[in-house]
*Asks:* 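Following this message is one structure expressed as structure tokens.
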Amino acid sequence: MENTHNIERHEYDVIVIGAGGAGLRAAIEARQQGKRTAIICKSLFGKAHTVMAEGGAAAAMGNVNSDDNWMVHFRDTMRGGKFLNNWRMAELHAKEAPDRVWELEAWGALFDRTKDGKISQRNFGGHEYPRLAHVGDRTGLELIRTLQQRVVALQQEDYETHGDYEAYIKVFAECTVTRLLKDGDAISGAFGYWRETGNFVLFDAPAVVLATGGIGKSYVVTSNSWEYTGDGHALALLAGANLINMEFIQFHPTGMVWPPSVRGILVTESVRGDGGVLRNSEGKRFMFDYIPEVFKDKYATTEEEGDRWYTDQANNRRPPELLPRDEVARAINAEVKAGRGSPQGGVFLDVSTRLPAEEIKRRLPSMHHQFKELADVDITAEPMQVGPTCHYIMGGVEVDADSGAAAVPGLFAAGEVSGGMHGSNRLGGNSLSDLLVFGRRAGAGAAAYVDGLAARPKVESELVDAALEEALAPLNRSGENPYEVHHELQRTMNELVGIIRKAEEVSEALEAVEKLKERVRMVGAAGSRIYNPGWHLAIDLRNMVLVSECVARAALLREESRGGHTRDDFPGMNPGWRRKLLVCSTADGASVQVEEKLQPSMRDDLITLFDRDELSKYLTDEEMAEFDGIAKS
């Protein structure tokens, strides 16, 4: 085995794993708090999955409709999550999102503008008012560009002060972390490898911020890129942290379905926000048939009213194409199963008959280019074919809302890898503002934690030896091809723990996952460590199979349908389940345990923002009695 004394070593105050919106904002904050900060990214710097976020960042700035405010945004977020959200996170997000967007503008972000020069805001599913600050349909790209430029600006400041651009913030690109290291109960660093050379690297740091994104590559059809293998979820779990809400996976209703090579690539919700409509093979706008009881007072019941809403929102209700994503995805799935789908197994999304061609190109330039280049479809002249695609996981590391701290001292998480903020379903646009709000808070939390340490945790050489041995193991055995195991895992999750779930199918998936765990332990990778994708996948499979077990176990236990978790055998929401959080942990690093935890009651001043009639659709009789007592006082 390689001598651990030859491993490349770096010492920092804070390391941030992930260079998307949450990771960059966390790193910027830690550096601004005076901490030596490392940014570790699995792919090239600038290629974070955040760039795929197209629609915008949700923030109640009130630039298009002055009636919007943080309280309306908070209510929309809680409704979207079917009241399973961590209400404190939803409150902080709604209150702080405008400041984070204005901060981006001060750092150089070029948002689209209203006629009077304010940041423009567009409509999106589940949002009562136009709320998404946007840059055409390339908002995520602009967000990353701006945050990267802020990192460069800080490096230039450091050069002026210290004579070294990387004195206080440095990027380690194409580097994968395989283990978090601990000194007793506390974080002491991280172990990983360079993807190009296969050489190992050790980061000595008392604070780690996870910002690694999601788990989409455990599914066949996904909008996620190759990096999304559940790394942060698994790293946290293996370090002793808890994961919550892992049963809730968002299948974005509109992914490309044709040609097969691009199946799953995202089709932004902005198409519907700007007037696009969904039709089945009979030409019917079918979403009017799928408005749930809990939303019937807020959505139009006729096409005429839905169309009027775009120009007169004060006197009309929203079209049902703008229902929360979980509702729209289930409706599309139902239409396809009923035989009313498009020729390639989706439905039709049409904006060509709703807006002039030049307006479509102006508002949706990326979508126009994407469909023309990848599918030879001109969206200004014909409908798109779309269908659900695994897009986002609401579940993640259980964290403190104010600081982003996990249960393990020194461990923090922000963005998609953290759980709680979105409850059972995320509203479109809330992701980008979530990254900014909680990325900043996690960076500040990590810096404060380091300031409060009496002594710096030490890196234990035994743990480094174990991490090294684990990483090298696939190269030292002639086992099964990791690509075959990955394909089997994807098929299992896609078919048995997908958009619609049944107890017998999820149980079958768990049996398959148990067998796959054994196969993962025996996979082999031919060749050397020098840029060896088979070896990389063999290491990633540990994470994917562990996280997939969390998803399946939680999905089997939650006997109701809510948000991104739909049980065919328990089709309705159960108020008794609303207060139950399912918490995943592992004692041995090999098997997952799931326990129920009670969701804390919402603060009085927040719960009274909702009407009694609306709350009665979600809360138990006991909770309603408590609400009545609060309302009277």
Side-chain angles (χ1 to χ4, degrees), residues 52 54-55 124-125 137 216 219-224 249-291 299 303 306-307 319-355 357 360-361 363-364 366-392 428 490-491 494-495 498-500 564 566 568:
M52 298 299 292
E54 296 155 331
F124 236 57
D137 57 357
Y219 284 81
V220 176
V221 181
T222 180
S223 64
N224 296 178
I249 293 180
Q250 182 173 92
F251 289 83
H252 195 293
T254 56
M256 294 182 73
V257 297
W258 188 260
S261 60
V262 297
R263 187 175 177 86
I265 291 181
L266 194 64
V267 179
T268 176
E269 199 164 333
S270 307
V271 176
R272 286 172 285 135
D274 288 343
V277 296
L278 292 165
R279 301 185 190 276
N280 61 22
S281 59
E282 299 169 358
K284 180 181 180 181
R285 279 180 68 179
F286 58 85
M287 282 307 305
F288 289 94
D289 298 333
Y290 293 93
I291 304 173
Y299 286 83
E303 292 187 26
D307 288 346
E321 279 89 358
L322 294 179
L323 276 161
R325 289 173 174 175
D326 57 324
E327 307 291 356
V328 182
R330 279 193 292 270
I332 292 173
N333 188 70
E335 287 294 302
V336 173
K337 282 194 169 183
R340 296 186 292 270
S342 67
Q344 307 302 337
V347 295
F348 296 105
L349 173 59
D350 183 25
V351 72
S352 64
T353 59
R354 311 280 293 173
L355 291 171
I360 293 170
K361 292 177 184 177
R363 292 193 193 184
L364 303 165
S366 294
M367 286 298 99
H368 181 262
H369 176 79
Q370 178 176 309
F371 271 89
K372 193 65 181 170
E373 293 299 314
L374 298 180
D376 195 26
V377 169
D378 181 357
I379 68 170
T380 69
E382 57 187 312
M384 300 159 255
Q385 292 188 56
V386 297
T389 179
C390 178
H391 181 56
Y392 190 95
Q490 288 181 313
R491 187 196 64 77
N494 219 77
E495 294 180 6
I499 189 169
I500 307 293
T566 303
D568 203 35

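We're numbering straight along the sequence, starting at 1. Note that the structure is predicted; figures quoted are calculated from it, not measured.
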*Asks:* What pair of heavy atoms forms the shortest contact from Ser270 to Gly55, and how long is it?
*Replies:*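 Heavy atoms only, the tightest pair is OG-CA, 3.1 Å.
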*Asks:* Answer whether the closest heavy-atom distance between the side chains of Val347 and Phe286 falls below 4.5 Å.
*Replies:*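 Yes, their side chains come closer than 4.5 Å.
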*Asks:* Looking only at non-hydrogen atoms, find the nearest pair between Pro383 and Val377 and report the distance.
*Replies:*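 Shortest heavy-atom separation between Pro383 and Val377 comes out as O-CG1, 3.8 Å.
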*Asks:* Any luck finding a side-chain donor-acceptor pair between Ser223 and His391 under 3.5 Å?
*Replies:*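 Yes - a donor-acceptor pair under 3.5 Å links their side chains.
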*Asks:* Any idea which heavy atoms bring Ile332 and Pro388 closest together, and the distance?
*Replies:*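 Closest approach of Ile332 to Pro388: CG2-CD, 3.7 Å.
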*Asks:* Rounded to the nearest 0.5 Å, what's the gap from CG on Asn224 to CG on Leu266? Could you check?
*Replies:*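 Between atom CG of Asn224 and atom CG of Leu266 there are 9.5 Å.
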*Asks:* To the nearest 0.5 Å, what is the distance between CE (Met384) and OG (Ser352)?
*Replies:*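 OG of Ser352 is found 7.5 Å from CE of Met384.
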*Asks:* May I ask you to decide if Arg325's main-chain N or O and Gln250's side chain share a donor-acceptor pair within less than 3.5 Å?
*Replies:*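 No: the side chain of Gln250 does not pair with the backbone of Arg325.
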*Asks:* Using the rule given for side chain to side chain contact (heavy atoms under 4.5 Å, CB included), can you reason through Tyr299 versus Met287, listing the C-alpha separation, both sets of side-chain angles and the distance that settles it, and then say yes or no?
*Replies:* CA-CA 10 Å; Tyr299 286 83; Met287 282 307 305; over 6 Å; no
*Asks:* Any side-chain heavy atom of Glu303 sitting closer than 4.5 Å to one from Phe288?
*Replies:*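 Result yes, sub-4.5 Å side-chain heavy-atom pair found.
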*Asks:* Go through Tyr219 and Ile249 one step at a time and tell me if the side chain to side chain contact (heavy atoms under 4.5 Å, CB included) criterion holds.
*Replies:* CA-CA 11 Å; Tyr219 284 81; Ile249 293 180; 3.3 Å; yes
*Asks:* Are side-chain heavy atoms of Pro260 and Trp258 found at a separation under 4.5 Å?
*Replies:*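 Pro260 vs Trp258: side chains touch.
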*Asks:* Given Val267, which of Asp137, Thr389, Val386 fulfils the side chain to side chain contact (heavy atoms under 4.5 Å, CB included) condition?
*Replies:*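 Among the candidates, only Val386 passes.
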*Asks:* Drop me the distance from Ile265's CD1 to His252's NE2, to the nearest 0.5 angstrom.
*Replies:*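 Between atom CD1 of Ile265 and atom NE2 of His252 there are 13.5 Å.
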*Asks:* For Pro253 and Ala329, work out which heavy atoms get closest and say how close.
*Replies:*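 Residues Pro253 and Ala329, closest heavy atoms: CB-N, 3.7 Å.
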*Asks:* Do side-chain atoms of Asn280 reach the backbone of Arg340 as a donor and acceptor pair under 3.5 angstrom?
*Replies:*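 Flag not set: sc Asn280 to bb Arg340 has no pair under 3.5 Å.
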*Asks:* Walk me through whether His368 and Asp378 qualify under side chain to side chain contact (heavy atoms under 4.5 Å, CB included).
*Replies:* CA-CA 7 Å; His368 181 262; Asp378 181 357; 3.4 Å; yes
*Asks:* Can you name the closest pair of heavy atoms from Asp376 and Glu382 and give their distance?
*Replies:*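 Heavy-atom minimum between the residues: O-OE2, 4.3 Å.
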*Asks:* Listed by chain and number, what are the side-chain contact (heavy atoms from CB on, under 4.5 Å) partners of Glu373, not counting sequence neighbours?
*Replies:*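 Applying side-chain contact (heavy atoms from CB on, under 4.5 Å) to Glu373 gives His369.
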*Asks:* Can you list the steps and then say if Thr254 with Val271 is a side chain to side chain contact (heavy atoms under 4.5 Å, CB included)?
*Replies:* CA-CA 10 Å; Thr254 56; Val271 176; over 6 Å; no
*Asks:* Would you compute the distance between atom CG of Leu364 and atom CD1 of Ile379 and round it to the nearest 0.5 angstrom?
*Replies:*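 So the CG of Leu364 and the CD1 of Ile379 are separated by 5.5 Å.
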*Asks:* Just grab all the salt bridge (Lys or Arg N to Asp or Glu O under 4.0 Å) pairs involving residues 251-265, residues at least two apart or on different chains.
*Replies:*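 For residues 251-265, and leaving out neighbouring residues, there are no salt bridge (Lys or Arg N to Asp or Glu O under 4.0 Å) pairs at all.
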*Asks:* Taking all non-hydrogen atoms of both residues, which atom of Ile291 and which atom of Leu323 are closest, and how far apart?
*Replies:*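 Between these two residues, the closest heavy atoms are CA-CD1, 4.2 Å.
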*Asks:* Is the closest basic N to carboxylate O distance between Asp307 and Arg354 below 4.0 Å?
*Replies:*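 Yes.
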*Asks:* How long is the straight-line distance from CZ of Phe251 back to OG1 of Thr222, given to the nearest 0.5 Å?
*Replies:*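 If I round to the nearest 0.5 Å, the distance is 8.5 Å.
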*Asks:* Is a side-chain donor or acceptor of Gln385 paired with a backbone partner of Ser342 at a separation under 3.5 angstrom?
*Replies:*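 Looks like no, no N/O pair under 3.5 Å.
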*Asks:* Atom CZ in Arg279, atom CG in Asp350: separation rounded to 0.5 Å?
*Replies:*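 Reported value, rounded in 0.5 Å steps: 6.0 Å.
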*Asks:* Around Lys284, counting heavy atoms of other residues, nucleotides and ligands shown, do more than 12 lie under 6.0 Å from its NZ?
*Replies:*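 No - once you tally the heavy atoms of other residues, nucleotides and ligands closer than 6.0 Å, there are 12 at most.
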*Asks:* So Gln370 and Met256, do their side chains get closer than 4.5 Å, heavy atoms only?
*Replies:*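 In short, these two side chains touch, coming nearer than 4.5 Å.
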*Asks:* May I ask you to decide if Glu321's main-chain N or O and Arg272's side chain share a donor-acceptor pair within less than 3.5 Å?
*Replies:*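 It does hold such a pair.
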